[in-house]
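Right, one structure below, let's go through it.
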Amino acid sequence: MNAPTPYTLRASALRNWLRQLSFRDMFALGVPALLIIAAGFWFAARYIKPAPPDQTTISCGAQGSAYESFCARYKPLIEPFGVGVKALESAGSIENLKRLNDPEQTVDFAFVQGGSVEDHPPGLLSLGAAYYEPVWVFYRGRPGLERLDQLKGLRIGVGPEGSGTRHLALQMLAAHGMADDKRRLLPLSGIAGVTALRDRRIDALVVVGAVHSASVWALLYSDGISLMSMAQASAYSRRFPHLTMLTLPRGAIDFVRDIPPKDVSLVATQAYMVAREDTHPALIDLMLGAMKPAHAEASVFQRPGEFPKPDGGDFELHPRAKRFYEVGPPFLQRYLPFSIANLFDRMLVLLVPLLALALPLFKILPQLYVWRVRSKLYRWYGELKDVERQAMLPDTKRSRAEWLDDIDRIEAAVARITVPLAHSDYHYQLRAHIHMVRRRLQGIPEGAAPENPPSAGTETAPS
């Protein structure tokens, strides 16, 4: 006789294991469990962000402004990932805020100047400070002016309505009691303001922007126009928390032409990239990834890598921005293409029902399975006990033969129950107890041999 092979042994073990299972009970428990898990997945899927849009909209600034310049830098950093960039021209920070707060406007991001709002606007979150925005006060004439009140009575360009320049300029002029002369505070800025100052249509111009913005660069090289060095810069930074004192060193713009001819004291706010709270997370990651190289290089006023930085300013810092500044880009985006990493990121939400529902169910289901299998036998224990109790009453109205017929009925029903091999001991215990109750009703003492012992092979084997 051939020895069993490993394959035969494994097949035999599998058959024995299958014999120990009740597939009807497993099906009765498994289907509801699967339905519960499916319901959890459906519920979680309702809260999964859809795929990122194929275009993002940024509200930037006026022509020639630093806002416009940086929006142009973002474009080639974002579009290779399959998302187009639409840059909207605007008057400046205040108009950008209005667009973000307007649900009818499809704007995802906007530049907002620090100090433009009084409190944290709901529904808007900051992605961090992008760069310093110095306050440049240019005027016609020789160098020497050091205070804003020295411009009193002159025509001053303070920026158009809706610009952050106008908001900040009026704030500083109001500290000198100069914000009420509306006739002399003209809505000019940018290239139009530069032209007006050169043509003598205004006497001074307030510009809030980066050093490389077109208007600032043009005025620094204009003959007959001087840059004010603010002697009260330190006081401004104390009075207005959103302002910081900066120094433009001598010759920092042009060593050969010695521009500026001496150190210039300035004050500056910071420009913030602000997003709507419901902006798609993938777009948030793309914008943060673009801000890093666009603002990290050194300039006259910042060290390499100083910007962008996790400063929310007037806004709460976006949770994804906070994580970005702490640990860098999302883990998956470091090693996978953007579209695949975003898909995995979205599908991770589905792990919530898997962990919250599936794992507890897998712990409970084996216990429910055992309970369901044994409950088929336990219900007959109740009926057997009831028959025994009533049959032993002294005033029972039924004959002993009738009670024995009930015992036979219970035994026949138990014999038809399908019980897995692993739980057959409970099946045999119940049948032994049925036989014990029958002997008691027949008046056979415990331990005595039955009058008609059952012949071999008459007991029904468990299924």
Determine all donor-acceptor pairs shorter than 3.5 Å in which one atom belongs to a side chain in residues 235-244; sequence neighbours excluded.
from	atom 1	to	atom 2	distance (Å)
Tyr236	OH	His176	NE2	2.5
Ser237	OG	Ser234	O	2.6
His242	NE2	Gln171	OE1	2.9

**Asked** Out of curiosity, Leu286 CG to Thr279 OG1, how far, rounded to the nearest 0.5 Å?
**Response** 12.0 Å

**Prompt:** Between the side chain of Glu402 and the main-chain N/O of Ser399, is any donor-acceptor distance below 3.5 Å?
**Reply:** yes

**Message:** Quiz question: by atom type and distance under 3.5 Å, do the side chains of Thr247 and Ser265 form a donor-acceptor pair?
**Reply:** no

**Prompt:** Any chance the rings of Tyr132 and Phe307 have centres within less than 6.0 Å?
**Reply:** yes

**Message:** Please tell me whether Tyr67 and Glu89 have a donor and an acceptor in their side chains that are separated by less than 3.5 angstrom.
**Reply:** no

**Request:** Give the C-alpha distance, both sets of side-chain angles, the deciding distance and a yes or no for salt bridge (charged side-chain N to carboxylate O under 4.0 Å, His left out) between Arg431 and Glu411.
**Result:** CA-CA 7 Å; Arg431 293 175 64 184; Glu411 185 175 33; 5.3 Å; no

**Asked** Is it true that the side chains of Lys309 and Gln270 contain a donor and an acceptor less than 3.5 Å apart?
**Response** yes

**Prompt:** Rounded to the nearest 0.5 Å, how far does NE2 of His295 lie from CZ of Phe70?
**Reply:** 5.0 Å

**Prompt:** Rounded to the nearest 0.5 Å, how far does CG of Leu393 lie from CD of Glu388?
**Reply:** 11.0 Å

**Prompt:** Is the closest side-chain donor-acceptor distance between Trp136 and Ser215 under 3.5 Å?
**Reply:** no

**Request:** Determine whether more than 12 heavy atoms belonging to other residues, nucleotides or ligands lie under 6.0 Å from atom CG of Asp102.
**Result:** yes

**Request:** Could you tell me whether a side-chain N or O of Ser59 sits under 3.5 Å from a main-chain N or O of Asn96, the two making a donor and an acceptor?
**Result:** no

**Complete:** Exactly one candidate in Glu297, Glu68, Glu79 meets salt bridge (Lys or Arg N to Asp or Glu O under 4.0 Å) with Arg73; the answer is Glu297

**Fill in**
Applying side-chain contact (heavy atoms from CB on, under 4.5 Å) to Thr57 and not counting sequence neighbours gives Gln55, Lys86, Leu88, Val107, Asp108

**Prompt:** For Val437 and Ile407, what are the C-alpha separation, side-chain angles and deciding distance, and is it a side-chain contact (heavy atoms from CB on, under 4.5 Å)?
**Reply:** CA-CA 8 Å; Val437 173; Ile407 296 297; 3.8 Å; yes

